[in-house]
Amino acid sequence: MTSITARLNDLRQQKRKGLVAYITAGDPHPDRTVELVLALERGGADIIELGVPFSDPIADGPTIQRGTERALAAGTTMKKVLAMAAEIRTHSDVPLVLFTYLNPVLKYGLPQLAKDAKASGIDGMLLTDLSVEEADRHLEALRSNDLDTVFLAAPTSSDRRLELVAKYSTGFVYLVSRAGVTGERDSLSGSAAPLVERMRQLTSLPLALGFGISTPSQAGEAATLADAVVVGSALVRQIEQGGAEGGLEERLEAFTRSLKEGMQ
Amino acid sequence: MTSLETQPDASGHFGPYGGRFVPEILMSPLDELEKAYLSARQDPAFQAELDRLLKDYAGRPTPLYHARRLSEKLGGAQIYFKREDLLHTGAHKINNALGQGLLAKRMGKQRVIAETGAGQHGVATATACALLGLDCVVYMGEEDMRRQRLNVFRMRMLGAKVVGVTNGSRTLKDAISEAMRDWVTNIEDTFYVLGSALGAHPYPMMVRDFHRVIGVEAREQILTMAGRLPDQIFACVGGGSNAIGMFHAFLQDPVKLVGVEAGGRSSALGEHAARYSTGGSPGVLHGCYSVLLQNDDGQVSLTHSVSAGLDYAMIGPEHAFLHDEGRAEYVSCTDERALKAAVEISRTEGLIPALESAHAVAEALDRAPSAAGQIFLINLSGRGDKDIDIYRENLPELDRDTVTHDLNYRPA
């Protein structure tokens, strides 16, 4: 069993909901990421999605795009992100999901990356632009290194596609709550609940709901539907606003705690 | 040998290239688009309407022109130009914009979005939307808007909304990303008219099919005019829509196919858009697996070309396939050679080409003198009106009132 599954099982037994926290590795600087991840964990994050920045992030809205640009400008590379993961592992057991686009992964070489990621303490991988149709030839390298393969399901996904997503995913399934890119929204989309329902019919895997969830009350609403809630842009915005000053870790921790409290 | 003409396969692969690499939210809409396109392709009524617009509105068939003066001057190959530059809106782009516009209408999508680099595809899409009564939003990098003011105004005059993109390099690459983000957000009522033979399946196939008429006409015309097939065919390649439109009808013929990429200012990464002559490698960008310019960490490179239409990091997947199969060769041409070639055919044949097309012309001009007895066919994919400001910037010695009008002038 991977540590992602173990963590989500524990939560399920305790009848609690999980918080999945996304930040872009290397934003605002590679030297800061380990401390920021540890702050997220102290605030109550159950799983960390470590974003590897990519030059052309088509699924991301302006907030994460800017985080990506900052991380790339600060010299973040795949190798450095793996080194960050390894350092996080010396302090913490929090499950880590590598979250990125396919191109930097292919350039690194997926079999090699799977091996190196596992050795660095990564527990799973989510590739935004890798659809289940194209995934077959890549899965073996990930599975044989005991990495969970998380795929996205969306409100637009056909039933046939949801079945494939359920079949190909391990650890959890990431449900995209709405049409659109990542980013903060005022309310949880009406398309979230029907998607959760459709997916429940197809899998017993834990379901994480993300995209557009940015406040404690939205996180709370999402937690009534799904097993875990993913928050990204709202955390990246905290980093954006506080990157230059001291006290960022404390603010990030406090904000994460408020999200977690919203979910109980 | 893999069958060249039957590509792509059912899932959109040209050999190993192509496919569909997009966020899940776009997968079902792409399925829907593919189904709609395949049904339209077989529907005689759709084809008849497209043919009518191509003929009466856009100006097809375009002529094939035997450039006798130029051929004589070069003293080798006989040169023929396929005159896509004579089409309405000034380039081949209208073939695809009308095709996809009609498809949008057929699918009941009232809102159309597009990306544009130089503005030619944006103008073509704005034109098709005006004609078909569709709402049109065009994404364009702010840097490109500055370079192509005239086309920005043309789009607005046609009723399109032009949205400046301020992310990243503020050029075509970022405009495509932004158009994709719009599409992800507005999939219900929006049709994305992609302008090159790129992107996720079915776009590379669909864009090729809409431009295939270029080669089909040219093949018939050259057989009539010259009595035989050409020896070499030249077309410029950014994403590669005009080139694939020209090449496709000749794939089974004993004809050399030459794609010309933008060599830019130098061979340093970031200074050109030549994927094959300067170290491109396979990867995924904007939904497609093909060959692109990237750094060692898989970040997509910035590119440069004097011609905005060739200024993009990835070559279309069918070209990558034809390259690997050895069916087409890909060479590059610098900004400087393209400018020289543009002046040459302006002076010798009275044809001011689009800067993109000038790249193809340059390669043909270089090969012609030593190719006596051969027939060269060049796709003159667009005219130079849109590039006049860039020509002026780059040919300042012609842009003085005191200049002596030396007919033999050629840029240094």
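The sequence lines fix the lettering, A, B, ..., with proteins before strands; numbering per chain opens at 1.
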When the 4.5 angstrom heavy-atom criterion is applied to Leu127(A) and chain B, the contacting part is neither
d(Asp31(B) CG, Glu133(A) CD) to nearest 0.5 Å is 7.0 Å
Residues of residues 97-109 of chain A with a heavy atom under 4.5 Å from any heavy atom of chain B, in residue-number order, are Leu102(A), Asn103(A), Pro104(A), Leu106(A), Lys107(A)
So, the part of Ile25(B) with a heavy atom under 4.5 Å from chain A: the answer is both
When the 4.5 angstrom heavy-atom criterion is applied to Glu188(B) and chain A, the contacting part is neither
By residue number, those in residues 226-234 of chain A with heavy atoms under 4.5 Å from heavy atoms of chain B are none
Among residues 182-213 of chain A, those lying within the under-4.5 Å heavy-atom range of chain B are none
task = Side-chain contact test, heavy atoms from C-beta onward, threshold under 4.5 Å: evaluate it for Glu134(A) versus Val284(B) and give yes or no.
result = no
Turns out that what part of Ile176(B) lies under 4.5 Å from chain A's heavy atoms comes down to neither
Bottom line for Ser301(B): the part with an atom under 4.5 Å from chain A's heavy atoms is neither
Among Leu26(B), Val300(B), Leu285(B), the residue with the most heavy-atom pairs under 4.5 Å to chain A is Val300(B)
d(Met27(B) CE, Arg161(A) CZ) to nearest 0.5 Å is 4.0 Å
To the nearest 0.5 Å, atom CG of Leu162(A) lies from atom CD of Glu24(B) at 7.5 Å
Within 6.0 angstrom of Lys118(A) NZ, more than 12 heavy atoms from elsewhere:
yes
Most contact-rich option vs chain A, by heavy-atom pairs under 4.5 angstrom, among Asn167(B), Asp174(B), Asp182(B), Asn186(B), is Asn167(B)
Among residues 52-71 of chain A, those lying within the under-4.5 Å heavy-atom range of chain B are Pro53(A), Phe54(A), Ser55(A), Asp56(A), Pro57(A), Ile58(A), Ala59(A), Asp60(A), Gln65(A), Glu69(A)
